Participant: 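The structure follows.
A, B, ... follow the sequence lines: proteins, then strands. Residue 1 opens every chain. Owing to the predicted nature of the structure, the values given are computational and were not obtained by experimental measurement. Just so you know, these numbers use all the heavy atoms, side chains as well, and skip hydrogens, waters and symmetry mates.
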Amino acid sequence: MPADFNWAIGGEAGDGIDSTGKIFAQALSRAGRHVFTSKDFASRIRGGYTAYKVRTSVDQVQSVVDRLDVLIALTPRTIDENLDELHEGSVIVYDGERTTMQGVEIPEGMVGLDVPLQSIAEEKGGAIMRNVVALGAACAVADFPIEHLDSSLEKRFGGKGQAIVDNNRKAARAGRDYVNENYDHEFDYNLETTDNDYVLLNGDEAIGMGAIAAGCRFYAGYPITPATDVMEYLTGRIEQYGGHVVQAEDELAAINLALGGARAGARAMTATSGPGIDLMTETFGLIATSETPLVIVDVMRSGPSTGMPTKQEQGDLNQMVYGGHGEIPRFTLAPTTVAECFHKTVEAFNLAEKYQTPVYLAADLAMAVTEQTFAPEEFDMDAVEIDRGKVVDDDTIGEWQNEKGQFKPHALTDDGVSPRSFPGTGGGAHMSTGLEHDELGRRTEDTDMRVEQVDKRNRKVETAKEREPWAYREFGDKDSGNLVISWGSNEGAMVEAIEFLEEDGVDVHFISVPYIFPRPDLTEVINDADDVIVVECNNTGQFADILEHDALTRVKRVNKYNGVRFKADELAEDIKETLSQEITA
Amino acid sequence: MSSDVRFTDFKSDKQPTWCPGCGDFGTMNGMMKALANTGNDPDNTFVVAGIGCSGKIGTYMHSYAMHGVHGRALPVGAGVKMANPDLEVMVAGGDGDGYSIGAGHFVHAVRRNVDMTYVVMDNRIYGLTKGQASPTSREDFETSTTPEGPKQPPVNPMALALAAGATFIAQSFSSDAMRHAEIVQEAIEHDGFGFVNVFSPCVTFNDVDTYDYFRDNLVDLAEDDDYDRHDYDAAKDRILDASKEYQGVIYQNENSVPYEEQHGLTENMAEIPDGAPEDATDLVREFY
Ligand SMILES: Cc1ncc(C[n+]2csc(CCOP(=O)(O)OP(=O)(O)O)c2C)c(N)n1
Ligand code: SF4
């Protein structure tokens with residue numbers, strides 16, 4: 001295990017928890033350390049417990065663990081909420097002078113550092129800086145050079161003037177000094193720094209960046225947690241690349257606006273979460289039947305209905321694979337890490353245009369709000385390729401017209417892919433419709449043409465299966481006989497769980513699947529393994545069901561659906577336990 | 001755009017399946033005339049239609065077009081126009097499509113003020129589903145689903161539009177061919193969202209709002225020399241006057257600035273580079 005350090009700040013929503021956590025995470029990243037953040041938040045704006053957690057190491061960290069070394073507790077509840085993760089020797093920084101913290105008891109075996117955060121902050125220019133004083137205190141405990149905070153304070157407060165930045169720097173130093181002067185306790189932490197350059201971003205941001213890189217110019221959305229960050233990221237940025245963001249009146253409008261943009265020839269996208277996907281589903285069928293390319297991001301959260309809007313779940317898989325009336329050819333990709341959010345978004349646009357279908361991008365809350373460090377090369381813009389598929393222009397359109405000079409947007413081709421004419425292209429005028437149609441796009445109920453068009457549209461999926469590398473990612477010991485499969489954001493926790501399992505003498509072969517529909521053929525690997533476990537954040541095991549169906553065999557399941565993502569150490573335990581169990585009905 | 005375009009160039013070779021005598025024939029002819037008169041051609045025109053007898057219009061016209069799902073044509077049209085402001089965008093649908101299932105989009109399309117034209121074929125009934133009450137049906141209009149009438153007041157689409165901040169509101173009658181085409185043409189020429197509610201009688205299911213009824217009750221605002229379409233209060237009076245049916249441009253805001261202009265949308269977004277934009281690495285730098 002990497003010698004990692006786990007830190008958190010917790011309090012009430014509205015206490016500035018998020019931005020304080022982000023300042024610390026950024027400082028660590030700039031100091032060349034790997035960072036993985038996670039958030040606990042409730043669905044309310046003020047009040048309600050909220051926390052920002054940072055795990056950091058000089059080695060790569062890609063999940064959360066069940067452990068907290070330093071906790072900045074702004075409210076007594078923060079201590080209660082994290083009791084399970086605190087351990088012998090954990091440090092709790094709190095402000096005993098505050099009325100809400102008076103009489104707070106530090107659990108036995110833990111180290112309480114009573115720091116007058118508020119008074120120090122007031123002395124340095126304002127009570128509002130008490131979180132920054134706490135950051136300084138944390139630096140003292142973790143032996144982390146305070147200078148590294150400076151640039152992230154500058155980034156956060158630079159817009160408010162140099163005086164504010166300076167005051168914050170002083171506040172941080174005062175916090176550090178207070179701990180050094182008043183506590184001569186020896187702490188075991190020493191947050192080494194390196195010369196590495198990392199970038200720190202979350203999944204929603206990576207999706208937005210991928211969209212711009214891929215040439216997305218038109219985005220329409222309606223705010224919903226946890227997908228709103230995609231829209232907020234694109235707003236103000238996409239314009240610099242000639243694009244536009246519209247905030248629609250609802251998801252029905254959002255997907256139809258995006259459809260209009262796509263139909264006009266723009267690379268277009270919308271993002272939402274479960275309830276929004278429900279509303280978009282009618283139009284999803286139209287997109288498929290009219291063969292319009294569109295990328296639809298579902299940042300999943302706990303459902304059904306409004307469920308737990310700020311909690312993790314991977315419960316919409318069936319919706320993205322089967323959702324919609326009638327039968328709808330589609331693609332469903334599921335990025336497995338924050339960096340993959342970037343790459344899969346680029347890929348989604350290419351697939352959408354090459355095969356003229358809607359493409360679902362199945363992200364989830366855990367990944368969307370998690371910031372993770374990466375080498376900037378992971379986001380290599382030079383490697384981005386754009387494939388717009390079969391687009392005709394004034395010169396090539398002739399090949400796709402009938403003897404009367406009419407364009408055939410739904411020509412029956414061997415690969416199932418027809419030509420596309422952007423509006424404005426001479427001689428390419430045609431209607432796109434959700435009604436069954438002939439090659440020209442005209443409504444038909446002719447039985448033969450119906451069959452030919454259905455086959456043609458579904459043939460695209462077959463073509464894609466042949467042409468595209470439906471690769472999966474593999475980890476661990478291929479020959480162990482113990483196969484673990486997961487999809488989406490569980491990859492990081494599982495990769496680290498492998499190490500915990502190894503320590504216990506258990507070897508596993510882990511396959512992380514980023515393609516849900518179509519998907520790589522895992523029949524052989526599944527049937528060759530002694531034991532197969534499918535790991536996912538839902539109750540019924542939606543992917544496990546699909547794999548059982550594909551491989552005609554039964555698999556074991558590890559499901560988590562309490563609203564919290566998998567933690568690496570806990571997942572290792574679950575896997576060990578499940579390996580020893582028999583499959584029951 | 002070419003000057004030698006004739007309105008028949010906007011006709012597809014599909015024969016309409018509307019009932020003989022349906023008002024939608026006239027509504028469509030007027031739209032095609034207006035498009036040709038304003039110098040558009042099928043290759044730079046985009047027609048979006050909803051679902052309903054009225055929604056079939058996209059099939060019978062020849063242009064770039066989309067036949068959407070029920071009630072959602074307006075956002076599609078707005079998306080097309082935003083992504084390529086060079087296109088002439090026209091959205092068409094029925095009163096059920098626009099004021100019932102699509103009412104939310106109607107209000108927001110009006111306030112968004114994208115430079116496009118919205119033609120509603122108002123027959124005060126659901127035609128395609130065979131004669132149920134629509135949001136513009138009279139309170140006592142008996143139908144299969146409202147045997148004693150809907151017993152709720154009809155929606156006044158022009159009042160909705162005015163309240164939402166419309167910059168162009170007009171009404172026409174499909175069988176008054178010249179005037180109808182003229183009014184649609186004015187809507188096209190308007191800088192912003194041009195809304196035209198067209199009385200387009202359903203001869204099969206509506207025996208109240210008939211050709212005769214409209215002929216007898218229509219008042220053309222163009223014949224009133226004192227009427228000023230830029231006068232908001234005068235427009236409000238006419239719109240709320242339930243005793244008459246008006247034809248003509250009822251309201252036009254001279255200061256209308258279309259959405260595209262407000263948001264600086266001028267480019268055809270279909271044109272993108274082969275790889276990531278050159279300065280896209282700046283996007284990564286931001287996360288240091
Ligand atoms: C989501 C959905 N609900 C219901 C329908 C059935 N439907 C088709 S057309 C229509 C009403 C059409 O009325 P209107 O818009 O007034 O057009 P008209 O046929 O009178 O021209 C309905 C309810 C549908 N196609 N989709
Ligand atoms: S049912 Fe009415 S609206 Fe539909 S085509 Fe016939 S006349 Fe026209």
Participant: If you count heavy-atom pairs under 4.5 Å between each of A:R217, A:E205, A:R30 and chain B, which one has the most?
Facilitator: A:R217
Participant: I'd like to know if the side chain of B:S256 pairs up with that of B:D191 as donor and acceptor (distance under 3.5 Å, no hydrogens or angles considered).
Facilitator: no
Participant: Under the criterion side-chain contact (heavy atoms from CB on, under 4.5 Å), I'd like the reasoning laid out for A:E378 against A:H343: C-alpha separation, chi angles, the key distance, then a yes or no.
Facilitator: CA-CA 9 Å; A:E378 289 262 10; A:H343 299 294; 4.3 Å; yes
Participant: Highest number of heavy-atom pairs under 4.5 Å with chain A: which of B:V284, B:N84, B:I51?
Facilitator: B:V284
Participant: Under 4.5 Å, counting heavy-atom pairs only, tell me which of B:G58, B:P42, B:A49 racks up the most with chain A.
Facilitator: B:G58
Participant: Is it the backbone or the side chain of B:L283 that comes under 4.5 Å from a heavy atom of chain A, or both, or neither?
Facilitator: both
Participant: For the interface with chain B, which of A:R443, A:Q26, A:R388, A:K404 has the highest count of heavy-atom pairs at distances below 4.5 Å?
Facilitator: A:R388
Participant: Would you indicate whether B:E286, at its atom CD, is surrounded by more than 12 heavy atoms from other residues, nucleotides or ligands within a distance under 6.0 Å?
Facilitator: yes
Participant: Report the C-alpha separation of A:Q406 and B:D13 in whole Å, then their side-chain angles, then the decisive distance to 0.1 Å, and conclude whether the side-chain hydrogen bond (donor to acceptor under 3.5 Å, both in side chains) test is met.
Facilitator: CA-CA 10 Å; A:Q406 293 165 313; B:D13 61 357; 3.2 Å; yes
Participant: Against chain B, label A:E385 side chain, backbone, both or neither, depending on which of its atoms sit under 4.5 Å from a heavy atom there.
Facilitator: backbone
Participant: Under 6.0 Å between the ring centres of A:F374 and B:F287?
Facilitator: no
Participant: Among A:V246, A:T283, A:T289, A:D387, which has the most heavy-atom pairs under 4.5 Å with chain B?
Facilitator: A:V246
Participant: Applying a heavy-atom distance below 4.5 Å, give me the residues of residues 232-240 of chain A that approach chain B, sorted by number.
Facilitator: A:Y233, A:R237
Participant: Quick check against the 3.5 Å criterion: does B:T117 have a side-chain atom that pairs as donor or acceptor with the backbone of B:M90?
Facilitator: no
Participant: For side-chain contact (heavy atoms from CB on, under 4.5 Å), just list the numbers for B:V198 and B:V119, CA-CA rounded to whole Å, side-chain angles, deciding distance to a tenth of an Å, and then say yes or no.
Facilitator: CA-CA 7 Å; B:V198 188; B:V119 175; 3.6 Å; yes
Participant: So which part of A:Y241 gets closer than 4.5 Å to some heavy atom of chain B, the side chain, the backbone, both or neither?
Facilitator: side chain
Participant: Is B:F46 close to chain A through its backbone or its side chain, or both, or neither, when contacts mean heavy atoms under 4.5 Å?
Facilitator: side chain
Participant: Any sub-3.5 Å donor-acceptor pair from A:N202's side-chain atoms to A:T370's backbone N or O?
Facilitator: no
Participant: Counting C-beta onward and ignoring hydrogens, is there a side-chain heavy-atom pair between B:S134 and B:Y99 closer than 4.5 Å?
Facilitator: no
Participant: So, B:T17 and B:Y60: side-chain donor and acceptor under 3.5 Å apart, yes or no?
Facilitator: yes
Participant: Heavy-atom pairs under 4.5 Å with chain B - which of A:S421, A:A214, A:A220, A:G242 has more of them than the others?
Facilitator: A:S421
Participant: State whether the side chain of A:T373 and the backbone N or O of A:V35 hold a donor-acceptor pair below 3.5 Å, judged by distance alone.
Facilitator: yes
Participant: Hey, which of B:H263, B:E267, B:R112, B:E271 has the most heavy atom pairs under 4.5 Å with chain A?
Facilitator: B:R112
Participant: Quick check: does any side chain N or O of A:K22 sit under 3.5 Å from a backbone N or O of A:E371, one acting as donor and the other as acceptor?
Facilitator: no
Participant: Within a strict 4.5 Å, meaning less than it, do heavy atoms of the B:V120 and B:F106 side chains meet?
Facilitator: no
Participant: Near A:R442 CZ, under 6.0 Å, is it more than 12 heavy atoms from other residues, nucleotides or ligands?
Facilitator: yes
Participant: Parallel under 30°, tilted from 30 to 60°, perpendicular over 60°: which one fits the rings of A:H410 and A:H430?
Facilitator: perpendicular
Participant: How about B:Y118 and B:H105: are their ring centres within less than 6.0 Å of each other?
Facilitator: no
Participant: Name, in order of residue number, those residues of residues 61-83 of chain B that have a heavy atom at a distance of less than 4.5 Å from a heavy atom in chain A; otherwise write 'none'.
Facilitator: B:H62, B:S63, B:Y64, B:A65, B:M66, B:H67, B:G68, B:V69, B:H70, B:R72, B:P75, B:V76, B:A78, B:G79, B:V80, B:M82, B:A83
Participant: For chain B, find which of A:T425, A:D382, A:L435, A:I212 contributes the most heavy-atom pairs closer than 4.5 angstrom.
Facilitator: A:T425
Participant: Between B:V47, B:L87, B:T281, B:D279, which has the largest tally of heavy atom pairs under 4.5 Å with chain A?
Facilitator: B:D279
